[in-house]
Amino acid sequence: MSKYPFESIEPKWQKYWEENKTFKVSEDSSFPKEKRMYVLDMFPYPSAAGLHVGHPEGYTATDIYCRYLRMNGYNVLHPMGYDAFGLPAENYAIKTGTHPATTTNSNIEHFTKQIKSLGFSYDWDRCVSTCDSSYYKWTQWIFLQLFKRGLAYESNTPINWCPSCKTGLANEEVKEGKCDRCGTQVTHKTIRQWVLKITAYADRLLEDLDTLDWPESVKLMQRNWIGKSTGAEVTFTIADKDGKPTDQKLTVYTTRCDTLFGATYMVVSPEHPLVKQLTTPEQKAFVEEYVELSAKKSDLERTDLNKDKTGVFSGSYAINPVNGKLIPVWIADYVLISYGTGAIMAVPAHDDRDWEFAKKFNLPIIEVLKSDVNVQEQPWTQDGIHVNSEFLDGLNKKDAIEKMLEFLEEKKIGKKAVNYKLRDWIFSRQRYWGEPIPLVHCEKCGIVPVPEEELPLELPNVKSYQPTGTGESPLAGIESWVNCTCPKCGGKARRETNTMPQWGGSCWYYLRYLDPKNNSAFCSKEAENYWMPVDLYVGGAEHAVLHLLYARFWHKVLYDLGLVSTKEPFQRLVNQGMITSFAYQRKNKTLVPVDEVEQHSDGLWYEKATGEKLEQVVAKMSKSLKNVVNPDDEIKQYGADSVRMYEMFMGPLTMSKPWNTQGIIGIHRFLEKVWGLSEKPLSDIDITGHLTDEKLVALRKSFAQTISKVTNDTKTLNFNTAISQMMIFVNDLSKMESIPRAMWSDFVKILSVYAPHIGEELWQKLGNGKTIAYEKWPAFNEEYLKDDEKTIVVMVNGKLRGKFQAPSGSADDVLIEMAKNDEGAKKFLEGKQIVKSVVVKDKLVNFVAK
């Protein structure tokens with residue numbers, strides 16, 4: 001058998017596909033709507049590290065599916081591009097002086113080479129890069145539509161601030177109190193920002209989730225992030241030093257207005273705009289110190305249930321609107337400005353955090369829900385009948401809320417309200433490497449949009465990328481770019497110096513793929529109508545809130561503008577599991593880099609430096625652990641088809657699984673076996689006719705099972721079990737001295753969607769001159785799947801007494817005679833009269849005997 005020559009086969013076919021534009025797609029009207037499929041991968045950020053073996057998992061899955069669809073007569077759009085703006089390139093520029101565009105373009109070139117080396121069937125003519133000015137021209141254009149509709153506004157707002165990246169972060173970019181990009185502890189800072197009014201779409205973003213074929217876990221994450229709740233806004237009047245009402249008001253949002261009689265103090269967040277007004281001269285120094293300390297904490301630290309509660313008395317009192325009692329107003333960081341009104345009424349008897357705070361600062365605790373505990377010793381957080389609540393006493397929760405709302409509305413001190421956890425999206429970054437925001441600031445005209453015909457507003461070429469650290473981007477120091485004339489009055493003006501976040505370009509990239517060369521629109525209506533919505537979107541679950549929520553928001557705005565025809569961009573979503581790697585763990589649970597570990601003769605792992613025995617564990621691939629597997633190395637050693645098939649064979653697509661080199665060796669041997677079979681003689685026997693050769697009958701059945709299973713499993717993205725079935729069939733084939741040509745030809749077709757390089761080569765070896773990519777997917781005869789023999793159960797008076805084999809479809813009288821002669825049944829029929837025989841075809845015979 002000749003060696004499987006993947007080293008020459010793979011570059012040969014990659015060159016063929018590129019030169020012949022095999023996978024170039026057009027909006028061909030001869031395909032009906034149901035035969036058009038838009039299959040999309042979440043496009044990568046082109047980092048300097050290049051791909052690791054986790055990246056191609058989703059790409060391989062969509063590629064197999066797309067190849068399958070093409071062979072089943074679909075017109076398939078399958079594009080690839082790059083999410084190319086972002087902090088890493090700018091941080092590298094700051095460190096080395098290399099322009100971010102130089103770094104990014106070099107990385108894109110490397111990524112493209114790596115992706116092409118895996119033989120993915122992308123239409124490369126549609127490739128986009130978000131940092132290309134011909135692309136971000138339209139990102140800027142869409143931003144202007146948001147601005148003109150009042151959905152983009154300027155605000156001096158408290159934001160998450162990363163001291164290392166020196167930029168603001170949206171809530172979604174903060175993970176466990178740290179910057180999602182660099183891991184630095186996040187603090188708070190108030191600076192001028194551009195904000196997008198995503199909250200205006202909160203209800204639609206929530207309701208339309210029900211129309212999507214997405215994992216329930218992702219839908220739940222979005223629902224929780226939007227966090228819709230129904231309650232009431234209640235207005236408290238601030239008292240003067242004599243306890244009399246003033247004109248100053250403080251509004252809170254609560255889901256339990258029925259517990260107002262138990263409100264014994266109020267809390268405002270340290271960022272609340274009324275903090276200064278509420279603070280008395282005696283408390284000023286204490287409050288200022290506390291506010292400064294709070295700004296250094298992340299939201300996660302502040303809301304941690306286990307943390308010690310902190311706060312400071314403002315010096316002011318409010319009047320409880322239901323009973324007229326004076327209650328102190330405190331400032332505490334466990335209340336966030338980003339939720340509700342940034343102020344709460346505290347009911348310590350029935351809330352854990354309020355109770356802890358009240359206990360610490362010796363504040364009153366009043367029971368207003370009948371409790372099974374002493375609320376002075378622990379809070380009661382379940383429901384109960386109302387007590388100590390005057391006109392609510394004796395009522396349950398529902399009735400009490402309704403009655404309290406009536407009271408509040410009648411007195412004009414409160415009203416029913418809906419609240420969301422979702423905050424408006426902070427959309428500006430104090431960095432260079434991002435889309436310039438196309439607005440100018442004019443002293444006379446205010447904020448004026450750059451005329452659309454002047455887009456793109458390009459980034460200036462600069463030498464310094466150092467962030468100012470003051471809240472302004474490096475662009476602020478480039479006077480020649482910043483100073484401009486007002487498009488409205490022609491007077492002196494200054495350009496906006498904040499840039500857009502990385503998410504800007506990724507909000508709508510799926511639309512640019514539809515029409516990437518269009519200079520007059522982000523895409524034509526014809527192309528959008530032809531392809532949208534995305535039929536299958538595959539990517540990591542880490543984008544459940546960030547990208548997916550943002551893209552849905554932008555899409556809905558475009559829908560309202562009449563620019564897209566669908567309410568939602570992504571109809572079906574699949575999250576691939578993470579491909580992990582092995583790591584080595586000490587007893588104290590810390591991990592040791594792979595190159596500092598050795599395996600001893602006992603088969604166990606030890607740390608080289610200390611000799612400590614280590615446990616092999618599964619961990620995320622990481623440069624620091626040196627356990628990243630580079631696909632380039634695997635392709636060089638085993639071939640791209642082996643890498644592709646192993647990525648799919650490791651386990652179900654949606655499950656996380658560890659990379660194991662032994663596994664890819666097994667797949668490589670399978671492809672070597674397939675290559676060896678291609679050198680066996682082919683017979684022209686008609687496998688659809690009557691066969692007398694038992695081996696051929698068995699092979700035909702195995703092949704029908706293979707076509708059936710691979711078809712169903714590929715359609716449902718169960719690629720690992722499809723490959724298992726192909727392996728079974730190849731084992732069956734290897735027992736044959738010659739292989740039926742028609743069977744081999746069809747097997748090569750189904751293999752080609754998984755291993756396209758060897759598939760193309762074997763197809764050519766069969767004497768075909770064209771690519772296999774558009775050949776018709778094989779069909780099979782259901783008759784061949786039927787078992788030739790069935791196991792028949794024999795029962796006597798309803799009890800199992802024996803079994804025997806009979807030809808499938810045997811007549812009832814034949815089965816009865818065979819059952820009578822079964823050795824197990826004979827003993828129980830001896831000396832008895834059979835009064836009735838019941839036959840269930842191909843399954844059982846039951847004798848009623850006495």
Side-chain angles (χ1 to χ4, degrees), residues 47-57 88 91 162-165 173-187 217 221 296-309 352 356 540-544 575-634 637-638 643 646-647 649-667 720:
S47 68
L51 295 177
H52 63 65
V53 292
H55 290 101
E57 183 190 15
N91 289 342
C162 175
S164 173
C165 296
E173 294 172 299
V174 179
K175 298 289 188 304
E176 297 181 353
K178 295 179 180 177
C179 173
D180 191 34
R181 175 62 71 188
C182 72
T184 301
Q185 190 71 40
V186 168
T187 63
S217 58
M221 286 172 77
K296 295 175 181 174
K297 298 180 185 177
S298 70
D299 286 356
L300 189 78
E301 285 179 295
R302 288 171 55 169
T303 55
D304 185 355
L305 292 174
N306 297 318
K307 85 172 189 77
D308 185 38
K309 299 295 176 290
D352 289 319
E356 287 174 16
E542 66 272 17
H543 299 292
N575 295 136
Q576 84 266 17
M578 188 183 291
I579 290 185
T580 54
S581 190
F582 289 116
Y584 299 90
Q585 185 174 268
R586 301 184 184 98
K587 278 184 181 178
N588 64 3
K589 304 298 182 186
T590 57
L591 296 172
V592 182
V594 169
D595 63 345
E596 296 173 20
V597 176
E598 59 188 4
Q599 190 173 20
H600 289 184
S601 56
D602 59 3
L604 301 176
W605 292 272
Y606 296 84
E607 187 171 0
K608 290 177 185 176
T610 64
E612 182 182 342
K613 189 165 74 172
L614 304 171
E615 180 187 358
Q616 189 182 57
V617 294
V618 171
K620 188 175 179 179
M621 288 188 187
S622 125
K623 284 188 284 186
S624 62
L625 292 176
K626 297 183 174 65
N627 64 349
V628 174
V629 180
N630 187 331
D632 297 355
D633 299 334
E634 305 299 297
Q637 190 164 1
Y638 303 108
V643 172
Y646 176 57
E647 296 245 355
F649 187 60
M650 291 168 75
L653 177 62
T654 56
M655 301 293 288
S656 291
K657 46 259 174 187
W659 184 272
N660 186 340
T661 303
Q662 290 304 310
I664 195 171
I665 291 170
I667 287 289
N720 58 319

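- Legend: residues meeting side-chain contact (heavy atoms from CB on, under 4.5 Å) with T184, ordered by chain and number and at least two apart, are C162, P163, S164, C182.
- The minimum heavy-atom distance between F582 and V594, with the atom names listed, is O-CG2, 4.1 Å.
- Nearest heavy-atom pair across K178 and V186 is C-CG2, 3.7 Å.
- Under a 3.5 Å cut-off, the side chain of E612 and the backbone N or O of K587 do form a donor-acceptor pair.
- Note that the OH atom of Y638 and the OG1 atom of T661 stand 6.0 Å from one another [nearest 0.5 Å].
- Of all heavy-atom pairs between L625 and A619, the closest is CD1-CB, 4.4 Å.
- Residues passing the side-chain contact (heavy atoms from CB on, under 4.5 Å) test with V617, sequence neighbours excluded: A583, Q585, L591, E615.
- A donor-acceptor contact shorter than 3.5 Å is absent between the side chain of H600 and the backbone of D602.
- In this structure M655 satisfies the side-chain contact (heavy atoms from CB on, under 4.5 Å) test together with P652, sequence neighbours excluded.
- Of all heavy-atom pairs spanning M650 and P658, the tightest one is CE-O, 3.2 Å.
- Checked by atom type and distance alone, the side chain of S581 pairs as donor or acceptor with a backbone atom of N627 at under 3.5 Å.
- A search for ring-ring contact (aromatic ring centres under 6.0 Å, His included) contacts involving H543 returns nothing, not counting sequence neighbours.
- Distance check: L614 CG to T590 OG1 gives 9.0 Å after rounding to the nearest 0.5 Å.
- Listed by chain and number, the residues in a ring-ring contact (aromatic ring centres under 6.0 Å, His included) with Y646 are W659 (sequence neighbours excluded).
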(request) Evaluate side-chain contact (heavy atoms from CB on, under 4.5 Å) for V597 paired with Q616, printing each intermediate quantity in order. (result) CA-CA 10 Å; V597 176; Q616 189 182 57; over 6 Å; no
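- Side-chain atoms of T580 do not come within 3.5 Å of backbone N or O of K620 as any donor-acceptor pair.
- Distance NE2/H55 to CD/E647: 11.0 Å, rounded to 0.5 Å.
- With values rounded to the nearest 0.5 angstrom, Q637 atom CD is found 8.5 Å from I664 atom CD1.
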(request) Take K657 and V618, measure what side-chain contact (heavy atoms from CB on, under 4.5 Å) needs, and give me the verdict at the end. (result) CA-CA 9 Å; K657 46 259 174 187; V618 171; over 6 Å; no
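- Not counting sequence neighbours, the partners of K613 by the side-chain contact (heavy atoms from CB on, under 4.5 Å) test are L604, Y606.
- H52 is not listed as a side-chain neighbour of I579, based on a closest heavy-atom distance of 4.5 Å or more.
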